[in-house]
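Since the model is a prediction, treat every value here as computed from it, not as a measurement. Protein chains get the first letters and strands the later ones, always in sequence-line order, with residue 1 at the start of each.
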Number of protein chains: 2
Amino acid sequence: MTWNKTHKKNTKERVLQSAAQLFTQEGYEKISINQVMEHAQLTRGAFYAHFDSKSDLYAQAIKTAANNAHQAISKTTSDDIASLANHYLSETHRDKLLPQSCPLACLITDITQQDQKVKSVYTDVFKAFITNIDKLTNDQQRSFQIATLMIGGIALSKALEDQKLSDSLLSACQSAISTLANINKPSTDI
Amino acid sequence: MTWNKTHKKNTKERVLQSAAQLFTQEGYEKISINQVMEHAQLTRGAFYAHFDSKSDLYAQAIKTAANNAHQAISKTTSDDIASLANHYLSETHRDKLLPQSCPLACLITDITQQDQKVKSVYTDVFKAFITNIDKLTNDQQRSFQIATLMIGGIALSKALEDQKLSDSLLSACQSAISTLANINKPSTDI
DNA sequence: GTCTATACTAAGATAGAC
DNA sequence: GTCTATCTTAGTATAGAC
């Protein structure tokens with residue numbers, strides 16, 4: 001790859017990292033192209049050399065954010081479902097202190113209002129999320145249930161103002177996941 | 001009450017109903033004051049006779065939307081938790097076909113980005129939601145778990161583009177709620 | 001590829017007539 | 001209390017220099 005191409009790719013990656021972080025924290029509408037570019041230490045005008053539109057950036061940024069979140073949680077957790085859920089449903093994750101929060105949780109509602117392309121990326125990210133849980137449960141229905149408790153639990157806990165309430169919710173979700181994971185599957189074995 | 005006061009109250013109520021519906025369907029940023037007023041068959045200028053700001057309207061509209069949703073589901077469901085969950089986690093609710101969708105689900109992410117007052121209303125609505133479930137479960141932790149599966153389930157199912165996937169998710173959540181509701185509580189009885 | 005400058009649009013909020 | 005008209009801000013997107 002020529003120097004120019006490498007340079008362009010690096011710049012684009014920097015913009016994507018900025019966008020991933022800002023969008024997951026603040027949502028699509030609250031963040032302007034200007035903010036993203038400034039965060040990446042560029043000016044507004046340079047934006048359209050890399051992306052077609054704000055929406056285009058959003059779609060790509062969601063993928064980036066998902067990769068970041070996946071890598072972050074992969075490092076800390078072992079290979080059982082309870083441990084995964086406990087790390088995901090943590091107060092740190094709720095309080096935005098993690099540099100890389102999960103876009104599935106932070107952007108649930110946002111997505112409903114976006115165009116097809118964005119929805120499609122979100123759906124793909126969710127499928128990948130389910131696939132990972134499936135490896136631990138070997139039961140797709142359980143995986144859906146656990147995923148909903150994880151994603152919904154963090155999303156709700158972020159929205160609630162009452163911290164005690166929010167804490168109780170997080171721990172209730174952790175407990176539900178343990179419970180569900182330990183129930184024997186209905187006799188689908190052959 | 002004088003005619004003027006009654007008239008004003010009616011007008012405000014009409015605006016609130018419009019706002020409740022539009023905001024729950026499209027979110028805070030996607031809906032302008034203009035759209036709300038036009039939907040209520042008024043003009044923009046009349047807005048500030050009733051509300052301090054768009055954010056003020058939003059806070060009050062969430063309460064209105066919650067009342068509507070509560071009344072709607074109260075009519076259709078009986079007094080057991082599985083029936084409630086099945087009505088809530090329905091394809092109709094997901095597909096926006098209900099005139100009155102649940103703001104807790106439709107606006108989860110939206111809320112995180114709003115001011116204190118809005119968050120506070122959302123938290124109150126959530127508490128009322130939990131209280132209602134509590135009447136059926138008599139177990140607060142179970143209620144949190146079930147609420148998360150309901151709210152998170154609808155929110156996720158709305159965001160997913162793949163209908164088959166979304167259908168499976170809804171039914172998985174219904175099933176999880178039945179399972180959790182039927183497990184004997186840990187020995188907290190005296 | 002990145003910059004500065006600018007066109008264009010939308011929306012929140014206010015003023016003043018009726 | 002509701003209207004029309006207007007102010008102001010902010011943000012997407014484009015044009016053109018380097």
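Remark: P of D:dG11 and CG of A:L57 are 15 Å apart, rounded to the nearest angstrom. Rounded to whole Å, atom P of D:dT12 lies 15 Å from atom CG of A:D52. Rounded to whole Å, atom P of D:dT2 lies 12 Å from atom NZ of B:K12. The distance between atom NZ of A:K5 and atom C1' of C:dT2, rounded to the nearest whole Å, is 19 Å. Whole-Å rounding puts the B:E29 CD to D:dT9 P distance at 19 Å. Separating the CE atom of A:M37 from the C1' atom of D:dG11 is a distance of 14 Å, rounded to the nearest angstrom. Between A:F51 atom CZ and C:dT2 atom P the separation is 11 Å, expressed in whole Å. Residue B:Y58 contributes atom OH, which lies 20 Å from atom C1' of C:dA13 at whole-angstrom precision.
Closest to the side chain of A:K54, out of D:dT12, D:dC3, C:dA13, is D:dT12. Considering only side-chain atoms of B:K8, the nucleotide from C:dA13, D:dC3, D:dG1 that sits closest is D:dG1. Proximity note for B:S53 (side chain, C-beta onward) versus C:dA13, C:dT4, D:dT4: the nearest is C:dA13. Across D:dT2, C:dG12, C:dT6, the shortest atom-to-atom separation from the side chain of B:S32 is found for C:dG12. For B:Y48, the listed nucleotide lying nearest its side chain is C:dA13; candidates were C:dA13, C:dT2, D:dT2. Counting only heavy atoms from C-beta on, B:H7 has its side chain closest to D:dT2 among D:dT12, C:dC3, D:dT2.
The shortest distance between side-chain heavy atoms of A:L170 and A:H93 does not fall below 4.5 Å. Residues B:L57 and B:F23 have side chains in contact (heavy-atom distance under 4.5 Å, counting atoms from C-beta outward).
None of B:N86, B:I146, B:N182, B:L180 except one satisfies the side chain to side chain contact (heavy atoms under 4.5 Å, CB included) rule with B:I81; the exception is B:I146. Just one residue in the list B:V121, B:V15, B:L16, B:V118 forms a side chain to side chain contact (heavy atoms under 4.5 Å, CB included) with B:Q60, and that residue is B:L16.
Contact annotation: A:T43 reaches the phosphate of C:dC3 (side-chain N/O to OP1 or OP2, under 4.0 Å). Of the side-chain N and O atoms in A:T11, none sit less than 4.0 angstrom from OP1 or OP2 of C:dG1.
Under the 3.5 Å distance criterion, with hydrogens and angles disregarded, no donor-acceptor pair is assigned to the side chains of A:Q21 and A:Q17.
For the pair B:N4 and B:R44, both in contact range of DNA chain D, the more 5′-proximal nearest nucleotide belongs to B:N4.
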